[in-house]
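Each ligand, and each atom within it, is numbered from 1 in the order the structure gives.
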Amino acid sequence: MTPVTPETPETPDLPDDLLTPEAVRDPDGAAAVLREHDPVHWSPTHRAWLVTRFDDVVAAFRNPALSSDRVRPLMTRASGAPSRRVLGLISEWMVVTDPPAHTRLRRLAGAAFKQQQIAAMEERIQGLVDELVDAFLADEGTDLVAGVAYPLPAIVIAEMLGAPPADRDRFRAWSDELALVAFGAGGDARPDRHERALRGLEEMAGYFRELVAHRRREPGGDMLSAMIGEGSDPEALSDDELVGMCALLLFAGHETTTNAIANAVRLLTADPALRDRVRDDPALVNPAVEEALRLVGPIKVLVRWVVEDHELRGREIRRGERVYLLLCGANRDPERFTDPDTVDLARERATHVAFGRGIHACIGAQLARIETRIAVGTLLRRLPGLRVAGDAEYLPTIASRAQESLTVVHDGVPAGSAR
Ligand code: HEM
C-alpha cells in the first residue's frame, strides 16, 4: 500500500473541520463519518491527523511515538513576561509532560490522592449538592449550570486543597482564566481578555504560593499537605511544582466535571421513561452516568505530538505533526459497542475512554464519578419531571463538549412554597 502523506488527502469532502457549526452541534455525527470513511484522516484545517476508531485511540494512549508535551512548543511564541511565566507554570503540568518527568509527578500526586480517601468524601459532597439544590429551588433558578454544575466542582477542589470557604469564588474565576489561557477555550481570542486572564493567573499563582507556605508551616488533612509530604522523599515537589499542581487540579477537575453533570442531565432527561427509571432505582444512577460519559463525555478530543515517524492504517505519521484522538469517535465505535448511539444501562461498565487510558489516565476519575453521580441522582430525585428547554448549544471548542448554560423546567416545589 502506498502511504498517504498529509499533502495528498484522498477524501477531501469529509467533515474534518471540527469547528464548523455542524461539527460543534453534532461532533459525534462528524466523528462517525470520519470513522467509517477514513479512520486516520489528515485534516488540512487543523493540520492534524484525526483518529476515530476505539482500538486506534486506545493504542495511541500507549504509543511512545506520541508525546503529551504540547505546551512547551507554544512557549517560544509567547510574548511578554506574564505570558511566559504563566505558560511556564502550565508547561510543567504532568498532563503535558512525558516520562521520566511525568512518572515522578504522577507518583507524588497519586499518593496524595490515595491519602485523601476519596470515597469517604461522598457524605460531604452530598451535603454540598443538597445545599446547592436547596438554593436553586429557593431562588426558583432555571440554569442548572450556574446553580449546581458549575459551583460544585470548584468548591470540592477548593476544600480538597484546604483553601478557606471564603475564597471559593476566586477559584471559579481562575478556573475560567486557566481554560482561556491553556486552550483558548470559548474560541475567544480577544487579546484584552487574554491579558486579563494572565493577570488573574499571576494572582492565582501568588495565592497558591501563600497556601503552600502556610501548609508547610501547618500541615492539615488536605490534599496540598499530602502533596507536600513529610520532607523525607528526595523527589518531593518544589514550591513551584506544588503551585503548578494546585492549578492543574483546578483546571483539570472543574470544567470537566461541570460538563459531565450538565451533559448527563441533558442526555438522561431527553427520554422521560429513562429519566423516571433512573430516578426510581438508585442502582441505575451509576450505569446511567457511565453511559453519559461514553455518549456525551466532557472531552471530545485529546492532542498528541508525533515524536517518531510511524505508520497507522497505511498512513505515514511523521515527526512534528499533531494527532487528535477523537474520544467522541472511539466511544461510539460500533466495532467496540453494540448499538453505540443508544443508552444501555446493562452495558459492561467503564470500557469507554472518557477518562483516557495509559499513563495519563485521569487521576481524578473516582472523584469526578462520585460528584457526577451524586449531582445527577439528587437532581432527578428532587426536581421531578426534570426536562431541559431547547437544544444543546455547545461552545465552539475542539477539546471540550461544553454547555455554558442548561435551562431546565421541573415540577419540584421550591423551599418554603405552599404548593
Ligand atoms: C468527568 C470529569 C473528568 C473527565 C471527563 C476527565 C478526563 C480526563 C482525561 C481524558 C485525562 C487524560 C488526558 C490526556 O491523556 O492527555 C485526564 C487527566 C487528568 N485529570 Fe481528569 N477528568 C475529569 C475530572 C477530573 C478531576 C475531578 C480531577 C482532579 C480534581 C482531574 C484531574 C486530572 C489530572 C491531574 C490529569 C492528568 C493526569 C496525568 O497526566 O497523569 N480530572 N482527565
Side-chain angles (χ1 to χ4, degrees), residues 57-58 60-63 66-71 90-113 116 118 121 125 149 152-161 171 175 178-179 182-183 222-224 226-227 241 244-265 289-290 292-305 322-328 330-331 350 352-376 399-402:
V57 168
V58 168
F61 281 126
R62 301 184 197 284
N63 185 352
L66 297 175
S67 164
S68 284
D69 191 347
R70 51 195 183 266
V71 174
I90 291 173
S91 72
E92 302 294 327
W93 282 353
M94 67 176 155
V95 71
V96 291
T97 54
D98 295 328
H102 172 266
T103 318
R104 168 177 161 265
L105 296 171
R106 175 88 188 199
R107 177 177 74 76
L108 294 163
F113 257 98
Q116 283 294 291
I118 301 293
M121 290 169 72
I125 293 171
L152 176 69
I155 298 173
V156 170
I157 294 165
E159 285 200 1
M160 228 171 74
L161 290 175
F171 275 68
S175 154
L178 279 168
F183 293 119
D222 55 274
M223 170 108 181
L224 179 52
M227 288 194 296
E241 286 172 329
M245 202 61 100
C246 292
L248 170 61
L249 293 177
L250 177 59
F251 170 73
H254 184 201
E255 196 203 289
T256 44
T257 312
T258 298
N259 295 332
I261 296 169
N263 295 349
V265 167
V289 165
E290 289 309 312
L293 287 165
R294 182 179 71 80
L295 286 161
V296 284
I299 300 185
K300 293 183 290 186
V301 173
L302 289 173
V303 181
R304 297 291 192 260
W305 285 90
R322 274 186 310 178
V323 172
Y324 284 6
L325 306 175
L326 274 75
L327 306 189
C328 58
N331 276 336
H352 60 70
V353 285
F355 290 113
R357 291 274 176 97
I359 59 168
H360 290 282
C362 181
I363 204 168
Q366 190 193 3
L367 176 62
R369 284 188 159 112
I370 291 174
E371 287 184 65
T372 309
R373 287 170 189 164
I374 292 179
V376 169
S400 38
R401 191 191 305 256

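With a heavy-atom cut-off of 4.0 Å, Arg70 touches ligand 1 through its side chain alone. Residue contacts with ligand 1, taken as heavy atom pairs separated by less than 4.0 Å, do not involve Gln116 at all.
Between Thr97 and Ser91, the shortest heavy-atom contact is CG2-O, 3.9 Å. For the pair Pro153 and Glu371, the tightest heavy-atom approach, listed with the atom from each and the gap, is CA-OE1, 3.2 Å.
Against a heavy-atom cut-off of under 4.0 Å, His102 is close to the following atoms of ligand 1: 39 (C), 40 (O), 41 (O). The Pro298 neighbourhood of ligand 1 comprises atoms 5 (C), with distances under 4.0 Å to a heavy atom of that residue. Each of the following atoms of ligand 1 lies closer than 4.0 Å to a heavy atom of Ala260: 1 (C). Here is the list of ligand 1 atoms found below 4.0 Å of a heavy atom in Ile359: 41 (O). Set against the non-hydrogen atoms of Val95, the atoms of ligand 1 under 4.0 Å away are 13 (C), 16 (O), 37 (C), 40 (O). Ligand-side atoms of ligand 1 in range of Ala368: 1 (C), 2 (C), 24 (C), range being under 4.0 angstrom from any heavy atom. Numbered from 1 in the order shown, with element, the atoms of ligand 1 that lie under 4.0 Å from a heavy atom of Ala354 read 5 (C), 7 (C), 10 (C). Close contacts between ligand 1 and Arg304 involve ligand atoms 14 (C), 15 (O), 16 (O) [criterion: under 4.0 Å to a heavy atom].
For ligand 1, the polar-atom distance check against Thr257 finds no nitrogen or oxygen pair separated by under 3.5 Å. Taking distance alone, with nitrogen or oxygen atoms compared against 3.5 Å, Arg106 approaches ligand 1 more closely than that limit.
Taking only non-hydrogen atoms, the option from Gly253, Ala60, Ala109 nearest to atom 28 (C) of ligand 1 is Gly253.
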Is there a side chain to side chain contact (heavy atoms under 4.5 Å, CB included) between Leu108 and Met245 once you walk through the steps? CA-CA 10 Å; Leu108 294 163; Met245 202 61 100; 5.6 Å; no

Audit row: His102, Asp69, side chain to side chain contact (heavy atoms under 4.5 Å, CB included) steps and yes/no: CA-CA 10 Å; His102 172 266; Asp69 191 347; over 6 Å; no

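With Arg401 contributing its side chain and Gly297 its backbone, the two residues share a donor-acceptor pair below 3.5 Å. Counting only distance, with no hydrogens or angles, the side chain of Ser400 and the backbone of Ala402 share no donor-acceptor pair below 3.5 Å. Distance alone, capped at 3.5 Å, places no donor-acceptor pair between the Ser68 side chain and the Asp98 backbone. Using a distance-only test at 3.5 Å, with no hydrogens or angles considered, a donor-acceptor pair links the side chain of Asn331 to the main chain of Val353. Put simply, the side chain of His352 never gets that close to the backbone of Ala330: no donor and acceptor are under 3.5 Å apart. Judged purely by atom type and a 3.5 angstrom limit, Ser175 has no side-chain atom pairing as donor or acceptor with the backbone of Phe171.
Looking only at side-chain heavy atoms (C-beta outward), Met227 and Leu249 come within less than 4.5 Å of each other. Using a 4.5 Å cut-off on side-chain heavy atoms (C-beta onward), Arg107 and Thr103 make no contact.
Closest to atom 20 (N) of ligand 1, if we only count protein heavy atoms, is Cys362 SG, 3.3 Å. Summary of contacts: the protein heavy atom closest to atom 24 (C) of ligand 1 is Thr256 OG1, 3.5 Å. Here the protein heavy atom with the shortest distance to atom 4 (C) of ligand 1 is Phe355 CE2, 3.5 Å. Atom 33 (C) of ligand 1 has Ala252 CB, 3.5 Å as its closest protein atom, hydrogens excluded (heavy atom only). Among protein heavy atoms, the minimum distance from atom 34 (C) of ligand 1 is reached at Ile363 CG2, 3.6 Å. If you check which protein heavy atom lies closest to atom 40 (O) of ligand 1, you get His360 ND1, 2.7 Å.
In this structure, His254 has no heavy atom closer than 4.0 Å to ligand 1. Not a single heavy atom of His352 sits closer than 4.0 Å to an atom of ligand 1. Using a 4.0 angstrom heavy-atom cutoff, Leu105 does not count as in contact with ligand 1. The closest approach between Leu248 and ligand 1 falls below 4.0 Å for a heavy atom of the residue.
To the nearest 0.5 Å, the span separating CD on Gln116 from CG on Asp222 amounts to 7.0 Å. The distance from atom CG of Leu293 to atom CD1 of Ile299, rounded to the nearest 0.5 Å, is 10.5 Å.
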